[in-house]
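To start, the structure under review is shown below, and the notes come after it.
Any value given below was found using the heavy atoms of this structure, including those in side chains, with hydrogens, waters and symmetry copies removed. Whatever order the structure lists ligands and atoms in, that order sets their numbers, starting from 1.
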Amino acid sequence: MKNFSRRQFLKAAAVLAVTSACDALPTSIPNLPSLATRTPTPPPEPTPTPGPTATPTPLPPTFGLHERAKVKNLIYGAAMGSSGLADANLKRKFAEECGILVPENELKWSTIRPANDTDKFDFSKADALYNFAKENNMLFRGHTLVWHNQLPTWFNSKVTKQNAEAVLTQHITLTMAHYAGKVHSWDVVNEAIHPPDKRDDGLRKTKWLELLGDTYIETAFKAAASGDNKTLLTYNDFGFELDTPEHEAKRKAILKLLERLKTKKIPIHALGIQAHLDASVIKLFKAEIFRKFLSDVAALGLKIMVTELDVIDQKLPKDVAARDIAVADAYKAFLSTTLEEPNVIAVLTWGLSDKYTWLTKEKPRSDGAKVRPLPLDEDFKRKLAWDAVAEVIDKAKGR
Ligand code: XIL
């Protein structure tokens, strides 16, 4: 098994990947067409039976994160903005490292519906990212259909209690119809829980809640299911990894919401964990507590995806070597616990290279040093964070 060739390995991995990604879908649903295209032409030579014993260890260092993930029936990928399509180096790295791509902003309301005309949808930027993903045999994720942020400027003046349900349903069904059968998973509702808003149900006080009441989440999932029945419908949120009262309250409220949706037989298939981790407080991450939460989610029959992973280095020392170690440690602590849960099917980072990260603006350093939150540095070289993700994936059990 030692001299397992790259080609033999890839074939075994591809068989595993297609099986796994399809396993993740609701049982009544046929295979995704886009997944089928990921099966490479089988090589002529005989190959070993795929399975835990067929995994060559250690994997060659040339292997990208998604090739490593495939061996474990996992998917690795990242977010890309449409401006990334102008960077040949970034595109090459995406093709090497990623098995799934999610548009960073291009499927949000403000991008696809900028005009003061509620019927006009512009998918051109998201389509360009979809085409790039497809040309490079990557899966595609959708983010996001219902969110309180990045709504277009016309929203507040045009959407009323009277038309809100129709506007929401139309947005979801039209958007999903545009990509029907082509999207691995859709973030249907994003960031709807916010215990500091002090409602018993933990819901965030948003425009959607104000317009439609607490059933807007159910309405959204039902509309999503009718828009595309070949995709995993996901509830996505952030800020519930740590052992703090705030994160504990959020975990509780999220579980309550997921339980309520499942009890009411609302079509929901997965929880998305954004996981924008902060290296300066990662010591507050307690493996047993988070592991138990993941088991509770899995017990509801839900898959789990890490959807927006990155590690904030804003408050770390300036020294790059020390900073990279701390960032890598945070990746390792979080992912090694998370991947213990067999229902975790995918890991996506929010960007791939430090050259393109929202944290440059969102969490800048006071010393002016560039932030380093992602697996590749700004010259697209693998960092300790890449090593950490690779190591945890390599050590994870197959699913
Ligand atoms: C961020 C994008 O990365 C930025 O470019 C944009 O300015 C703001 O939104 N949680 C989410 C993502 O669900 O949509 C956010 O993306 C990051 C936090």
Side-chain angles (χ1 to χ4, degrees), residues 77-87 90 94 98 100-114 125-126 128-129 140-153 155 171-172 175 183-194 196 203-204 206-208 217 220-221 224 232-242 246-247 250 254 257 268 270-279 304-314 330 334 346-364 370-376 378:
M80 191 199 262
S82 51
S83 60
L85 292 174
D87 186 330
L90 180 71
F94 254 78
C98 295
I100 189 165
L101 181 150
V102 59
E104 188 173 346
N105 291 301
E106 291 70 10
L107 282 168
K108 293 173 182 171
W109 280 65
S110 53
T111 308
I112 58 180
R113 307 183 65 179
K125 287 188 172 142
L129 287 163
F140 190 68
R141 274 203 97 226
H143 172 82
T144 175
L145 296 163
V146 186
W147 195 24
H148 57 282
N149 278 334
Q150 292 180 273
L151 288 166
T153 46
F155 189 88
H171 178 85
I172 292 174
T175 305
V183 179
H184 168 269
S185 47
W186 258 112
D187 288 334
V188 179
V189 177
N190 196 30
E191 302 180 356
I193 298 284
H194 191 55
L203 288 185
R204 186 187 288 273
T206 67
K207 199 74 196 159
W208 288 117
I217 298 176
F221 275 96
L232 288 173
L233 304 179
T234 305
Y235 174 73
N236 196 48
D237 214 326
F238 73 96
F240 52 94
E241 304 85 16
L242 304 180
E246 297 77 19
H247 283 217
K250 193 143 180 181
I254 289 175
L257 170 68
I268 173 170
L271 170 69
I273 302 171
Q274 292 187 14
H276 298 290
L277 308 175
D278 184 338
I304 299 166
M305 280 174 262
V306 178
T307 51
E308 304 184 15
L309 179 59
D310 50 19
V311 178
I312 298 160
D313 67 349
Q314 190 180 42
F334 174 77
V347 174
L348 290 95
T349 46
W350 203 241
L352 181 62
S353 149
D354 295 338
K355 188 167 182 184
Y356 304 101
T357 163
W358 73 306
L359 295 173
T360 302
K361 274 199 192 142
E362 187 70 21
K363 300 278 178 187
K370 286 191 174 141
V371 299
R372 300 175 63 82
L374 289 167
L376 305 183
E378 60 176 355

(request) Could you tell me whether Phe238 approaches ligand 1 through its side chain, its backbone, both or neither, with non-hydrogen atoms closer than 4.0 Å? (result) neither
(request) Please confirm whether His276 comes under 4.0 Å of ligand 1, counting heavy atoms of the residue only. (result) yes
(message) Consider side-chain hydrogen bond (donor to acceptor under 3.5 Å, both in side chains). Of Asn236, Thr349, Thr234, which one does Thr307 pass it with?
(response) Asn236
(request) Give a yes/no on ligand 1: does Glu191 have at least one heavy atom closer than 4.0 angstrom to it? (result) yes
(request) Would you mind checking which non-hydrogen protein atom is closest to atom 8 (C) of ligand 1, with the distance to 0.1 Å? (result) Gln150 OE1, 3.4 Å
(request) Answer whether the closest heavy-atom distance between the side chains of Trp350 and Val102 falls below 4.5 Å. (result) yes
(request) Run the salt-bridge test on Asp278 and Lys363 with the 4.0 Å N-O cut-off and return the result as yes or no. (result) no
(request) Please lay out, stage by stage, how Glu362 and Ile312 fare under the test side-chain contact (heavy atoms from CB on, under 4.5 Å). (result) CA-CA 10 Å; Glu362 187 70 21; Ile312 298 160; over 6 Å; no
(message) Tell me the contacting part of His143 for ligand 1: side chain, backbone, both, or neither, using a 4.0 Å heavy-atom threshold, strictly below.
(response) side chain
(message) Taking the basic N atoms (NZ, or NE/NH1/NH2) and the acidic carboxylate oxygens, is any pair closer than 4.0 Å for Lys250 and Asp237?
(response) yes
(request) Write out the residue and atom name of the closest protein heavy atom to atom 16 (O) of ligand 1, then the distance separating them to 0.1 Å. (result) Lys108 NZ, 3.2 Å
(request) Ignoring hydrogens and angles, tell me if any N or O in the side chain of Gln314 forms a donor-acceptor pair with the backbone of Pro364 under 3.5 Å. (result) yes
(message) I'd like to check Thr144 versus Glu191 (side-chain heavy atoms, cut-off strictly below 4.5 Å). Are they in contact?
(response) no
(request) Answer yes or no: does an N/O atom from Gln274 fall short of 3.5 Å to an N/O atom of ligand 1? (result) yes
(message) Starting from atom 5 (O) of ligand 1, what is the nearest protein heavy atom, named by residue and atom, and what distance separates them?
(response) Asn105 ND2, 2.9 Å
(request) Specify the protein heavy atom at minimum distance from atom 10 (N) of ligand 1: its residue, its atom name, and the distance to 0.1 Å. (result) Glu308 OE1, 3.0 Å
(request) With heavy atoms of Asn190 as the reference, note each atom of ligand 1 found under 4.0 Å away. (result) 11 (C), 13 (O)
(message) When you compare ligand 1 with Trp358, is there at least one nitrogen or oxygen pair between them that comes in under 3.5 angstrom?
(response) no
(request) For Trp147 and ligand 1, answer yes if some heavy atom of the residue is under 4.0 Å from a ligand atom, otherwise no. (result) yes
(message) Rounded at 0.5 Å granularity, tell me how far OH in Tyr356 sits from CG in Asp87.
(response) 3.5 Å
(message) Could you identify the single nearest non-hydrogen protein atom to atom 3 (O) of ligand 1 and state the distance to 0.1 Å?
(response) Glu104 OE2, 2.4 Å
(message) Quick one: does any side-chain atom of Tyr235 pair with a main-chain N or O of Ala192 as donor and acceptor, under 3.5 Å?
(response) yes
